[in-house]
Amino acid sequence: MAFVTELPYRVALSDGDVHKEKQTWETNYTPIYVMTTIFAIIFFIGPFAIKKGENKWIIKTCMMLASFFLWLFWVTVYIAGMNPLVGPQLRNTTLAWMAHTWV
Amino acid sequence: MGSMFRSEEMVLCQLFVQPEAAYVSMYELGEAGIAQFRDLNPHVNDFQRRYVSEVRRCSEMERKLRWVSGELPEPPPPPIPSRRMLSPREINMLEEKIDYIESEIQEMTKNARNLKSDYLSLIELKLLIEKTQTFFQDHSAQRKLSATVQIYNNDAVFGHLGFIAGTVATSRVPSFERMLWRISHGNIFFKQAQIDQPLKDPITGHELQKTVFVVFFHGEQIKLRVKKVCFGFKATLYPCPATYKDQQEMLSGVETRIKDLEMVLDQTEQHRRLVLTNIAGDISTWMLAVRKEKAIYHTLNMFSMDIIKKCLIAECWVPKSDLYIAQKALDDGVKASGSPIPSILHHVPTREIPPTFNRTNKFTRGFQTLIDSYGIASYREVNPALYTIITFPFLFAVMFGDVGHGLIMTAFSAIIVIYEKRLSKNKSDNEIWNIFFAGRYIILLMGIFSVYTGLIYNDMFSKSLNLFGSSWMNVYDSETLANHTSLELDPAVAYTQTPYPFGLDPAWQFATNNIIFLNSFKMKLSIIFGVLHMAFGVTMSVVNFNFFRKPEMIYLQYVPQILFLMLLFWYLCILMFMKWTMYSATATDPTYGTSCAPSVLITFINMMLLKGSEDSPPCKAMMFDGQDALQKLFLTLGFLCIPIMLFGKPAFLFWQARNRKRHEVGGERGEVPAGAGGGAGAAGELLITQAIHTIEYVLGTVSHTASYLRLWALSLAHAQLSAVLWQRVLRYGLARSLAGSVTMYVGFAVWAFFTLAILVLMEGLSAFLHTLRLHWVEFMSKFYDGQGYAFMPFSFAAIIEHDDEELAQNGAPPEKKDEEY
């Protein structure tokens, strides 16, 4: 199965709009900033929001642990996906459908 | 500090109480459930203890109450909890009342039984007469002889034949007939007719099949034999008149008596039911009061009696923060008894190891139980249950990650949690339900985390959600697509270079090479989590060293352990992150392109084996400059840690003992210092123990790190099972004609059943078990001592939980197992 690298282009099959130029994209780091900020708020500032209660230490510990692990999980997936070395191998029907609906 | 960080501080107390004040004080202590009493009379026989007669009395009352509640038609309503305690006078009154009720009900039952046997006899007699009419009428030729019927010796005589009539159990009829035949040498005439409707046995209530029989014989001898046989076969004999007229008279008489008896029986039953209903409401409350009293007296039996001061002495473990409750209980007892002598609560400083007590609420109890199942924590060591609240559901969710299944789990557990008050009232015997109910908060958290990890894995019943727009796109023209059935997207051109913002890209779900990408990614993820979890575990030991004032152990044990772990395995994780960030399909320099990306595992193995590798242009052997030197440095440092782990602690203890000996020898002449003789032996043993620990830890770092790969394995299995179910079961019903709706109906049923049974229940149980193992073995073996014993206080709540089951023979309150809600 050969694939074409010198002429990458996107095809919208419904209206036959065909772009033949090579498109380049820049990596967008916004999601990392947003998610890290959200989880950092929960991790650093959240514990100060719980001031009283019999179980306040348990709640604080749980908030910190949970926010750390959930953030770590998310960031690992994100970094793993930043520079993929292989791409998905799809059926031609799936590719056509993707081009049609996911534009 | 938080209540779950480490177990509570316990104090050994001695209580001095007057016997009059003891009962009230014990009642309050039982309600509070804060004191674990020690048996001060271990060598005394149970029957020689002080309060044995009271315990016996309570056991009797309990037995009577249990019998009465067994007589109730339906289970009694639950007890009304009342904090009011019963004074001894009230207890006596209660005892009398229970006695009276029990005898009354017993008498009623006996009467009813007698009435019922009479009733049964009458019914049998009536049926006998009805059936035997046919026998006597058969012999129409003999009717002439009926005029000459003689009453011979008050026995029924028919013609020249005597007869005996009665009923016998149907099952015995063949052998009965055979026996009669044998003993009479065939000289009897046996007629039988089965009673169609079964009759009720008055005593057992079972239904009996009976047969009416008439035996005709001639002669006195045979009559005696027949009677003996009837007696042997437990046949009931009835006087049956021979003539038709007499039979009719008897029949009418019997019928009248039956009607009367039915009325009496009815009224008796009603009266009995009335009495039972009246007391049904109170039975449970009385039972509770009696049980509490028995528990109090049983505990009082553990006290020792001080002859001189005539007061009772008890020893108990009490949590330090609950001492004021114990003091209040004693004061209340003194006040209630009106005694001028106060009760004394006295701290006893001791070297004994106290029990381990972790105060839990309904949420944390489940997690504490999980940890305690492995081993009760040693006194005041750090409690892993606090962290298990989050790490357990999280690691479960990494293995279970599916939005759909997570939602099912969350919904199920949320319903149980919302209705927990109502559900906890119905005490169930079903073991599986009790386990689910006790773990409802664990399941709730597992479900919530599974929804999160499912969103990140982008897996909902094996379908992905495209919420933010995929980063992969089609780059082929329609001609290429038409000519090739399957095409691979090159990340250099078909990828927007920005990953999907939350989780895995939805395009991967359709990919046939899905597994290749996911395997590599999930394995790395598992190792990262594993190393972090284990490092966390090793760091917990610092908390213990700090608390138990062994700062030298931090340098001799913790530092080498953490260095060994991090220098080798966290470096592996750093390599993973570097490979993810440094190598790209769009790299202009081919050294950092896709074909040159090194295998992290091979790099790590080469590092450990000190194997160099060659550059093969354009690819470089190393990922960054100085990697080789850095790796050698890490390896050396790591292996230098091993002798520190091995000899550090023994050397320190040896040096410490030598210092102590030097001081002692200087201070006391001529006295052999205590550690000298056992010095050599003890040192050898210490070295061996330390060697075992070191080998265990070093090998453990490798094997436990690999063990975390089960996070990858189980999530892969779950995803594959889910995909199989969708593609092979549910898809056949979709997008078909009207007839396909039937297929869809059936297909959905099968799909839903297997989803719940296999994916949620079985996989859930499997992931739960693996997570538990990861916690117990990989996490807790790094720091947990677990040599403690549980705190089992004298508590009414615990005793009532274990109701009728497991009441010990001597009436002792049962051992407190892991508490249920």
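Numbers restart at 1 for each chain; the letters A, B, ... are given by sequence-line order, proteins then strands. No hydrogens, no waters, no symmetry mates; every other heavy atom, side chains included, goes into these values.
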Could you report the tightest heavy-atom contact between A:Pro84 and B:Ala585, atom names first, then the distance? O-CB, 3.9 Å
Could you give the distance from CG (A:Leu65) to OG1 (B:Thr391), rounded to the nearest 0.5 Å? 7.0 Å
Which bit of B:Asp505 comes within less than 4.5 Å of chain A, counting heavy atoms only: side chain, backbone, both or neither? neither
Taking all non-hydrogen atoms of both residues, which atom of A:Cys62 and which atom of B:Ile389 are closest, and how far apart? SG-CG2, 3.7 Å
Is any side-chain heavy atom of A:Val77 closer than 4.5 Å to one of B:Tyr500? no
By disulfide bond (SG atoms under 2.5 Å apart) - contacts of B:Cys596 (at least two apart): B:Cys619
Which atoms of B:Ala494 come close to chain A, meaning under 4.5 Å heavy atom to heavy atom: side chain ones, backbone ones, both, or neither? neither
Chain A contact via B:Leu532 - which portion, at a heavy-atom distance below 4.5 Å: side chain
Check whether any side-chain heavy atom of A:Phe69 lies under 4.5 Å from a side-chain heavy atom of B:Phe449, and answer yes or no. no
Can you tell me how far apart CG (B:Asn474) and CG (A:Leu90) are? Round to the nearest 0.5 Å. 9.0 Å
Check whether A:Ile32 gets within reach of chain B through its side chain, its backbone, both or neither, counting any heavy atom under 4.5 Å. neither
Polar side-chain atom of B:Thr594 near backbone of A:Leu85 as donor-acceptor pair, under 3.5 Å: no
Among A:Ala66, A:Pro88, A:Gly81, residue most engaged with chain B (heavy-atom pairs, under 4.5 Å): A:Pro88
Honestly, the part of B:Asn483 sitting under 4.5 Å from a heavy atom of chain A is neither
A:Asn92 versus B:His484, closest heavy-atom pair with distance: ND2-O, 3.0 Å
Take B:Phe529 and A:Leu72, measure what side-chain contact (heavy atoms from CB on, under 4.5 Å) needs, and give me the verdict at the end. CA-CA 9 Å; B:Phe529 281 140; A:Leu72 181 67; 3.5 Å; yes
Using a 4.5 angstrom heavy-atom cutoff, name the option from B:Thr512, B:Thr364, B:Thr485 with the most pairs to chain A. B:Thr485
Give the ring-plane orientation class for A:Trp97 versus B:Phe510, where under 30° counts as parallel, over 60° as perpendicular and anything between as tilted. perpendicular
Interface moiety of A:Pro31 toward chain B, non-hydrogen atoms closer than 4.5 Å: side chain
Output the option from B:Trp508, B:Tyr583, B:Phe468, B:Phe502 having the highest count of non-hydrogen pairs under 4.5 Å with chain A. B:Trp508
Chain B: which of A:Leu70, A:Thr30, A:Val34 shares the most heavy-atom pairs with it under 4.5 Å? A:Leu70
Has A:Asn83 got a side-chain atom pairing as donor or acceptor with B:Trp580's backbone, closer than 3.5 angstrom? yes
Between CD on residue A:Gln89 and CG on residue B:Asn514, distance to nearest 0.5 Å: 11.0 Å
Contact origin within B:Lys579 toward chain A - heavy atom pairs under 4.5 Å: side chain
If I measure from the heavy atoms of chain A, does B:Tyr452 come under 4.5 Å with its side chain, its backbone, both, or neither? side chain
Against chain A, work out which of B:Thr453, B:Ile516, B:Asn466, B:Thr586 has the most heavy-atom pairs shorter than 4.5 Å and name it. B:Asn466
B:Asp490 side chain vs A:Gly87 backbone, donor-acceptor pair below 3.5 Å: no
Heavy-atom closest contact (B:Pro506 atom, A:Trp102 atom, distance): CB-CH2, 4.0 Å
Determine which residues belonging to residues 44-54 of chain A lie within contact range of chain B, meaning some heavy atom pair is under 4.5 Å apart, and list them by number or answer 'none'. none
Do the two ring centres, one from B:Tyr457 and one from A:Phe73, sit under 6.0 Å apart? yes
Heavy-atom neighbours of A:Arg91 CZ exceed 12 at 6.0 Å: no
Please determine, among B:Phe517, B:Tyr387, B:Phe363, the option with the most heavy-atom pairs under 4.5 Å with chain A. B:Tyr387
Side chain, backbone, both or neither of A:Thr94 within contact of chain B (heavy atoms, under 4.5 Å): side chain
How long is the gap from OH on A:Tyr78 to OG1 on B:Thr498, to the nearest 0.5 Å? 6.0 Å
Using a cut-off of under 4.5 Å for heavy-atom pairs, which of B:Pro499, B:Ala587, B:Ala511 has the most such pairs with chain A? B:Pro499
Closest non-hydrogen atom pair between A:Ile58 and B:Met4, with its separation: CD1-SD, 3.8 Å
Backbone of B:Pro501 reached by a side-chain donor or acceptor of A:Trp74 within 3.5 Å: yes
Atom CG in B:Leu489, atom CG in A:Leu95: separation rounded to 0.5 Å? 5.5 Å
Quick check on the interface: out of B:Ile456, B:Thr581, B:Ile528, B:Val398, who has the most heavy-atom pairs with chain A under 4.5 Å? B:Ile456
Looking only at non-hydrogen atoms, find the nearest pair between B:Tyr495 and A:Met82 and report the distance. CE2-O, 3.7 Å
